[in-house]
Amino acid sequence: MAGFGKTLGRAVTWPLTLVARAVDPPLRVWQRWTGTGGMAAVFLAPNLAIFGVFVLIPLVLNFVYSMTGGTGILLDQRSFIGMEQYGRLLECEDYTRRITCREDQFWTAVTNTATFVIFQVTLMVTVSLITALILNRNIRGRGFFRAVFFFPVLLSPVVVGLIWRWILQRQGLLNLITVNLGLEPEVWLNDRFYAFAATVGVSTWAHMGFYTLILLAGLQAIPRDLYEAAEMDATPPMRVFRRITLPLLGPNFAVVLVLALIRGVQIFDEVYVLTGGGPGTSTLYLTQYIYEVGFASILRNPGLAAAASILMGAVLVVLTLLQLWFSRRAEGRRAR
Amino acid sequence: MGRIVLKGITKSFGNAEVIHGIDLEIGEGELVVFVGPSGCGKSTLLRLIAGLDRPTSGRIEIDGEDVTRVSAADRGLAMVFQSYALYPHMTVRQNLSFGLENTRMPKSEIASRIDEAGRMLEIGDLMERRPTQLSGGQRQRVAIGRAIVRNPTAFLLDEPLSNLDAELRGTMRAELAQLHERLATTMIYVTHDQVEAMTLADRIVVLRKGMVEQVDTPLGLYNQPQNLFVAGFIGSPNMNFFRIRATGGSAELPGGLKVPVPCDGEVTIGIRPQNLKLAVDDAPALEGEIRLVEALGAETVIHADAVDGTPMVTVLSGQPALGAGQRIRLTFDELPHLFGTDGMRLNPH
Amino acid sequence: MGRIVLKGITKSFGNAEVIHGIDLEIGEGELVVFVGPSGCGKSTLLRLIAGLDRPTSGRIEIDGEDVTRVSAADRGLAMVFQSYALYPHMTVRQNLSFGLENTRMPKSEIASRIDEAGRMLEIGDLMERRPTQLSGGQRQRVAIGRAIVRNPTAFLLDEPLSNLDAELRGTMRAELAQLHERLATTMIYVTHDQVEAMTLADRIVVLRKGMVEQVDTPLGLYNQPQNLFVAGFIGSPNMNFFRIRATGGSAELPGGLKVPVPCDGEVTIGIRPQNLKLAVDDAPALEGEIRLVEALGAETVIHADAVDGTPMVTVLSGQPALGAGQRIRLTFDELPHLFGTDGMRLNPH
Amino acid sequence: QDKVEVRVMWYSDGIEGEVMQDLLDRFEKTHPEIDVVLDNVAYQVIQEQLPIQLASGKGPDIARVTNLKEQAEHWLDLRDYVEDPAYWEANFGDRFDWMRPDGSDAIPGFMTQLTLTGGFANKTLFEQAGVEMPGDGATWDDWIAASKEVMESQQLPAAFAIDRSGHRISGPNASYGANYIGDDRMPAPIDDGTMTFASKLVDWTNQGLMLPEVWVSAAGTTYRAAADDFINAQIPFYYSGSWQIANLSTKIGDAFDWVATGSPCGSAGCSGLAGGAALVAIKYTRHPEEVAAVMDYLASEEILREFTERTLFLPAHKGVVEAGGLNFQSDDPNVAPALDKFISASTETLPFADALPAWKWANAYYGALVTRISQVMAGEISLEEARTLMDQDIADQVSAASQ
Amino acid sequence: MSRILTFVFRRRGHGGRWHWTDIATWIWLIGGTILMFGPALWLVASSFKGPAQLAEFPPTLLPYIQQTAVVEGYDAPLPLYTATLEDGSVEVLAEIRRIGVNSQMVDPENPGERINVNIADRSPVREIGFATGNYVEPLVANNFLRFLWNSVFVTTMATLITLLTNSMAAFALSKYRFRGRDAVMLLIVATLMVPLSVILVPLYSVVNATGLLNTLWGVILPTVATPTGVFLLRQYMLTIPDELLEAARMDHASEWQIYWRIVLPLAAPALAVLAIFSVVWRWNDFLWPLIVLSQREHYTLQVGLNTYAGELNVQWHYILAMTVVTMIPVVLVFVFLQRFITTGIAGAGIK
Ligand SMILES: Nc1ncnc2c1ncn2[C@@H]1O[C@H](COP(=O)(O)OP(=O)(O)OP(=O)(O)O)[C@@H](O)[C@H]1O
Ligand SMILES: Nc1ncnc2c1ncn2[C@@H]1O[C@H](COP(=O)(O)OP(=O)(O)OP(=O)(O)O)[C@@H](O)[C@H]1O
Ligand SMILES: [Mg+2]
Ligand SMILES: [Mg+2]
């Protein structure tokens, strides 16, 4: 198996190796000509080119959209109306009462998302960290367990939402269990608290494998002798964890936090299938709001949706910068 | 406090046994040095004592207690790692205080210990730096400091000075000696450096391929090496060996110089380079041709080939006017070391 | 091939200037050793020559060509790193061949060069291992091998032997010397080891805080140190210094021994420990009390305090029966070194 | 000779894709010069991607679409291409206004099927409970009351459910006299008719008669069907629509007997709401002739009849309807009566309900209704607040659309 | 060696005794397995259920089909039920037909006599059985091989390009100092912020403008410049010691070779992670291909799979089955790649 894997790996990389060899001489000339600074440009170029065309331009277009009105889909069918969409999103008679806002659902979505992110990111990071730590231990069947925890990542969000709806619905698996335990069945998804908990739990269930994997890769990179030094110092396990593992996991931890945060704010598909934003609007999150405004109905309002997405992005950028700023401080301490 | 006893220790990695049954007693407050060629198992043995690895068989006792199954944390030892193993994300001060904080020591006590260690190791100015911002030597000192502040039952030091420059190494060696004297704590010290081994050790343990070759005081080892390996390993440059047939109670060195030998047959005669000196012109002497002259200033190392081709080295003090290609005639005063065909010492103790 | 010239090199990291204007010429085929205290800028200077860092100002020439702006890859030099820097994902063989493959050398040639290096460095058996599976010494040898196989214009070696045991270090030193002789390639060698510096170097460059203190042959440095720093740095144990007022053409050492001095005023008198010997009973002598005796077997290092409290060290050959607390009386034959208040040598050359 | 490729974008709720493929295969045999490719897609594609394509002047040649009116400008007028425009007028003419701009006389395509909202009752449950099923002319209150009895006797979780959709409650609204369409064909404010049925719904939910999770546990305009609860005999009465027949038939099988009930009555009538999917030609096709040929074939009475019989859809072809005698291909004895019931119920729709599918702002209205009424059911806002908010939502949509 | 690997909590864990951390570990692992794997296994089991059984309340754990028996005198096999008879006895009977609440039944052993049973008093006899049609029908009917090929093509190309371009960018961003580096990094991170589903329309315009509509490259290219990948790889590459790069420079390696021969292999764990993610993402990509691809010959598996999602009805039995089918390759990829994650070798060449 391992031998086969190696052969396979070689077969896959062989053409790439050839290509890599072929591009070396011209790049060497380029390097001599421009110095290493020029090489940085070479390394960045492909990514930035693709990135510019397929990410940056749409983003800019999206911004332009946010300043147009009407139901037209393409930009040339839309009229420029300036910042009106933003005004509409942010307009409230009484900012203490959501219901008085022009887009009360937007505000509902914002508060819901904020609560969701706080709980979900905390849970996600905790659970993935614990799992990564455990999977990093020298246990029998590590590979198997790693696969187990990663498995839900392989499922499409729609299927995730569906499975859990089947589990949580009135006559679902969970109630089958509660009834067998002699408890009253509960319509879980009709209860504000349970529904919210379900969105947090299910999204964690679905994505924790992703973060666990990142953290695991980070754990593997921590030199072992540090743990030995700590052991010689009779350091209690929790302290080793807090003072050595966590700080040295720093960069990976930053990745996880940033990504979890971003993806938490962007949560959509599985929740859409699972709770649809209910009960009432208690699990209505931002992306669903944007989706409904911009796409779901035939009377779409892409301008409003774009404006909402830009606002969401702006908040995320601020959060991420804060996060990166912290991790940069940690980065300064990194590695020998 | 600090009596360490090893009984029949073996250690295998996978199928490869790298420690083959070691028995050793290290007394309270003793400073024992492990020496031996690279890969002979010094670090491994130290790690076994530390509790970082488990012996495959055998028993380790500290102060009479069996600690073979006790974890490293609970053995109360301190270790200076060959790779430093400094916490890269902590300042020097934090590196030093980390181990102390585990013991719920009062803050002021911690601070004073760190200050003292900082002064002793000349790292007082670096307290707020991180390991990345230190030179190799400075890192090593911090690593030593980390062990010192702990005030452990015993110190385990794995080549703690190997990255320091000569001057600092000398100072540190003296500091360590003083430290040992002052603390009277048991120390086990792994080193490649003969000078360190000779000057620091109460006793030296010579290891070879996972076995103990000889355990003795430094001068004991130097003067009475039990076998060819120890004789060759201790002392720098290495002892000169001449393999000769002895007949009639004496053996003839190349060049004609005779050495009394208590028995007949094949023997190896060992003469330390420092014991060789230029012979008076007409006396019988060890003769050879100079291959290489290494002038170290205070002394000069002369590599020569004896007339029968055996390489030989001598250390002459000062800067004698000798050059490659010249003939050289050497003699010696002290009795040479004699070894049998089995490599064991023949001289009486 | 291999003439390296540095002109007015300075290097700053951020605001801190660590190299303060160095001029140096290294001749073709010369083996130059950089020595100096830890943190003095040896590695930095080597990296500047290698092209891994750019000097802040100044100019580097190799064989007359200005390479200041040429990248490391194109300078044709080879370097052995202080930290080995072996490619952890490659076997020893691949580590060795990597540099050769980059020059599009034929496979057979690569193989033969690797075999040769493997034989020379005794790493032939380890070819298929990865660096993690090697002991420290073995890694160092692979690192050296990686430089050797390249057949570079010049070798840059940053403390290449610092992790080897004494025996292997001796062998490797000799190998390096032979290698240098055979290849006649320029080598720049950074070391902390005095013996290495003295025996290997054609010339030694003594650095201190980013400045060149003295450049000279090993014996030149030893016999004619230009200033107090060099005098103290070269030679082990360090030279003894006595700071005295000279009057009337002579200065009186503690204990009463007189030394002729060519000028009046404050001077520092430097005497190497090896030059001190036990004085005959009634002759005027340097007097002191023994603080510490380090018996190394072949010689004994005696640390003492002179009557005025100045610490002094002497190296006596053999194992004299002296102990701490005893009084000692020392004298010397050779003329001592004299230094003025500015720390510069006063003796004529 | 190069084949002309005609692409049909098609979505399926059940087996209609297979049937269509089969029909098209037959078409290709007789028309070797045309290669018809059936691109089966998710409904989401029709809903979200097709509009973008159309806006940028692309798209398939033919598509099966449900949002007919809003995108009417993109449909091709087949009048000049089909063989017999009169045949089209005669058989599909009534619904052309659903799919062309107001005042136009274009022939954009034809309804592949008609749908009509209506109720289903679990006959077996009623029998087991010994409750008489309300007959023709029974009101919503009657039905709920009867279902309530069944629920209590059979210990069911709820008495009835209605799909979470603005479209689904608009028929009942109409029955209570609702009218969404203002005189200027712009949305009228929410009227008392709408409020009447809405408040009933809310009450029923609060009383636990209506299955709460269908409406309450979703936000916005999310569509939720309660079919599974009906299929599992959890509710005796279910208000959905004719399209469920095939679904119910497969999944219920022999488990119980069920009947279509038509729409219960309100104060103003017993209206359901019609709708359906149409196959339309797209204006941007490069081969209008061939497209027309395909359309002619598919719209022919014989083919459409076969399609209807095999898919268990309500026919939208006047000739087929009038000829009657459809031989629906199902073993299930419940199916044929149910289909018949829907066909007969289609005559009872109120004029307002008939106007809705051809009304531009219907979706805006549906969206506001479902969004806000759910919130009321969840206890987030009061019904009165909901009324203001609905009016405001609709006004916002209108103003946004006219920017 | 083995115990060197054991981790933070290993303090007292060795020596044969069970430390609380070992117990906690196993509780977590076993609980985790049930929680993580259970629903997924159930999904697999459910994919073998027929549409009726899928809709069934309460759901069963395993797929069942009703047992039937051929009874003399009846052409078709009759479904079997356990019925409670009036006299209280329980028997297995075959149902002839059901009329209202009454079921006409017959004893298969004794076909002559008809028994009337109230339907509340009977329950079907079922055995575990697999509705393999869920798998067979879509696979046969739906150009499955074509979809598979498209998916494989998209996934492979996208992953390779992702790994290549992202690692190149990450290399530049982690190992070179140049003006604007932070700006580029910031830009890349900033674009993580807006989810794809939100910029679909502008993106569609761009893809349309570049003529990539209805091509597989239109699916591949927009996804490969994933900021996540750059971010992830950069953070990992920061931990690769610069000295290794310098050693390679001394070895006359060009910057490209350093990237290719040194940095890439050393970043293997992070690359493996990204490769796994990329494969999973691209394989499961749904929304974007749906937008780009409207012609059947270009469909990827996920798009093909979703043709079962209609307006009013979703044919879950097909979707589940095809989900399971499409999961198999990614699972294999994961199993193959995950071993590369275990080796944190980057620091090993350094003293
Ligand atoms: N984890 C391990 N797995 C396999 N073999 C090992 C391992 N650790 C050490 N060895 C082997 O055990 C032997 C002893 O190694 P050890 O590190 O104790 O040597 P050492 O005496 O400290 O050498 P040095 O002076 O070079 O540090 C060596 O041959 C080494 O290759
Ligand atoms: N990247 C850097 N940033 C800031 N300061 C540096 C950096 N590299 C080296 N230095 C400083 O430059 C000085 C010279 O360092 P260098 O590594 O050249 O010393 P060295 O002579 O090689 O010391 P050692 O013998 O310990 O290896 C030191 O004070 C060091 O702290
Ligand atoms: Mg060692
Ligand atoms: Mg250095």
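Computed from a prediction, not measured in an experiment: that's the story for all the values here. The chains referred to below are lettered A, B, ... by the order of the sequence lines, with proteins before strands, and numbering in each begins at 1.
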If one checks every heavy atom of E:A270 against chain A at 4.5 Å, the contacting part turns out to be neither
Heavy-atom pair count under 4.5 Å with chain A, highest-scoring of E:S46, E:A172, E:P227:
E:A172
For A:T212, enumerate each residue passing the side chain to side chain donor-acceptor pair (under 3.5 Å) test, keeping only those at least two apart in sequence or located in another chain.
none
A:P302, part contacting chain E, at a heavy-atom distance under 4.5 Å:
neither
Take the angle between the ring planes of E:W260 and E:W256 and call it parallel below 30°, perpendicular above 60°, tilted in between.
parallel
Residue pair A:R28, E:E255: steps toward the salt bridge (charged side-chain N to carboxylate O under 4.0 Å, His left out) verdict
CA-CA 8 Å; A:R28 227 175 237 273; E:E255 297 302 306; over 6 Å; no
Compare all side-chain heavy atoms of A:L215 with those of A:N136 and state whether any distance is below 4.5 angstrom.
no
Select, from A:T17, A:I50, A:D269, A:V256, the one with the greatest count of heavy-atom pairs under 4.5 Å involving chain E.
A:I50
Is the distance between the ring centroids of E:W281 and A:F210 under 6.0 Å?
yes
Looking at A:I167, A:V55, A:V42, which one has more heavy-atom pairs under 4.5 Å with chain E than the rest?
A:I167
Do E:S167 and E:M237 have side chains that approach each other closer than 4.5 Å (heavy atoms only, starting at C-beta)?
yes
Max heavy-atom pairs within cutoff under 4.5 Å with chain E, candidates A:V64, A:V159, A:L135, A:I57, goes to A:V159
Proximal component of A:L261, with respect to chain E [non-hydrogen, under 4.5 Å]:
neither
The interface call for E:W283 against chain A, heavy-atom contacts under 4.5 Å, is neither
Contact origin within E:L274 toward chain A - heavy atom pairs under 4.5 Å
neither
Is a side-chain donor-acceptor pair under 3.5 Å present for A:D24 with E:S254?
yes
Which atoms of A:L155 come close to chain E, meaning under 4.5 Å heavy atom to heavy atom: side chain ones, backbone ones, both, or neither?
both
For A:V160, which atoms come within 4.5 Å of any heavy atom of chain E: side chain, backbone, both, or neither?
neither
Of the listed E:L187, E:L320, E:T223, E:V207, the one with the largest count of heavy-atom pairs under 4.5 Å with chain A is E:L187
Would you indicate whether the side-chain heavy atoms of A:L75 and E:S205 approach each other to under 4.5 Å?
no
Please classify the contact between A:V153 and chain E as side chain, backbone, both or neither, with a heavy-atom cut-off of under 4.5 Å.
both
Might you point out which heavy atoms bring E:N284 and A:S156 nearest each other, and give the distance in Å?
ND2-N, 4.4 Å
Would you give the length of the straight line joining atom CG of E:L29 to atom OG1 of A:T131, rounded to the nearest 0.5 angstrom?
8.5 Å
Structural part of E:T323 lying under 4.5 Å from a heavy atom of chain A:
side chain
Can you tell me which portion of A:R263 sits under 4.5 Å from chain E's heavy atoms? Options are side chain, backbone, both or neither.
side chain
Given a strict heavy-atom distance threshold of 4.5 Å, which part of E:L212 is in contact with chain A: side chain, backbone, both, or neither?
side chain
Do A:F54 and E:V224 make a side-chain contact, defined as non-hydrogen atoms from C-beta onward lying under 4.5 Å apart?
no
If we define contacts as heavy-atom pairs under 4.5 Å, which of A:A20, A:P46, A:P152, A:A308 has the most with chain E?
A:A20
Relative to the ring of A:F150, is the ring of E:F334 parallel (under 30°), tilted (30 to 60°) or perpendicular (over 60°)?
parallel
If you measure from CE on A:M39 to CH2 on A:W30, what distance do you get to the nearest 0.5 Å?
9.5 Å
Could you tell me which portion of A:L27 (side chain, backbone, both or neither) has an atom closer than 4.5 angstrom to a non-hydrogen atom of chain E?
side chain
Heavy-atom proximity to chain E below 4.5 Å, by part of A:W164
side chain
For this output row, return yes or no: ring centroids of E:F171 and E:Y176 closer than 6.0 angstrom.
yes
Quick check on A:F149 against chain E: is it the side chain, the backbone, both or neither that has a heavy atom closer than 4.5 Å?
both
Toward chain A, the part of E:L164 with a non-hydrogen atom under 4.5 Å
neither
Could you tell me which of A:L176, A:V315, A:L259 has the largest number of non-hydrogen atom pairs under 4.5 Å with chain E?
A:L259
Please look at A:I244 and chain E and tell me whether the side chain, the backbone, both or neither of the residue comes under 4.5 angstrom of a heavy atom of that chain.
neither
One should read off an interatomic distance between E:L173 CG and E:R181 CZ, to the nearest 0.5 angstrom, of 7.5 Å
Should A:L213 and E:F277 count as side-chain neighbours, where that means a heavy-atom distance under 4.5 Å?
yes
Can you say whether E:V331 sits under 4.5 Å from chain A via the side chain, the backbone, both, or neither, judging by heavy atoms?
both
Which bit of A:F151 comes within less than 4.5 Å of chain E, counting heavy atoms only: side chain, backbone, both or neither?
side chain
Does any heavy atom of chain E fall under 4.5 Å from the side chain of A:L319, the backbone, both, or neither of them?
neither
Chain E contact via A:V60 - side chain, backbone, both or neither, heavy atoms under 4.5 Å:
neither
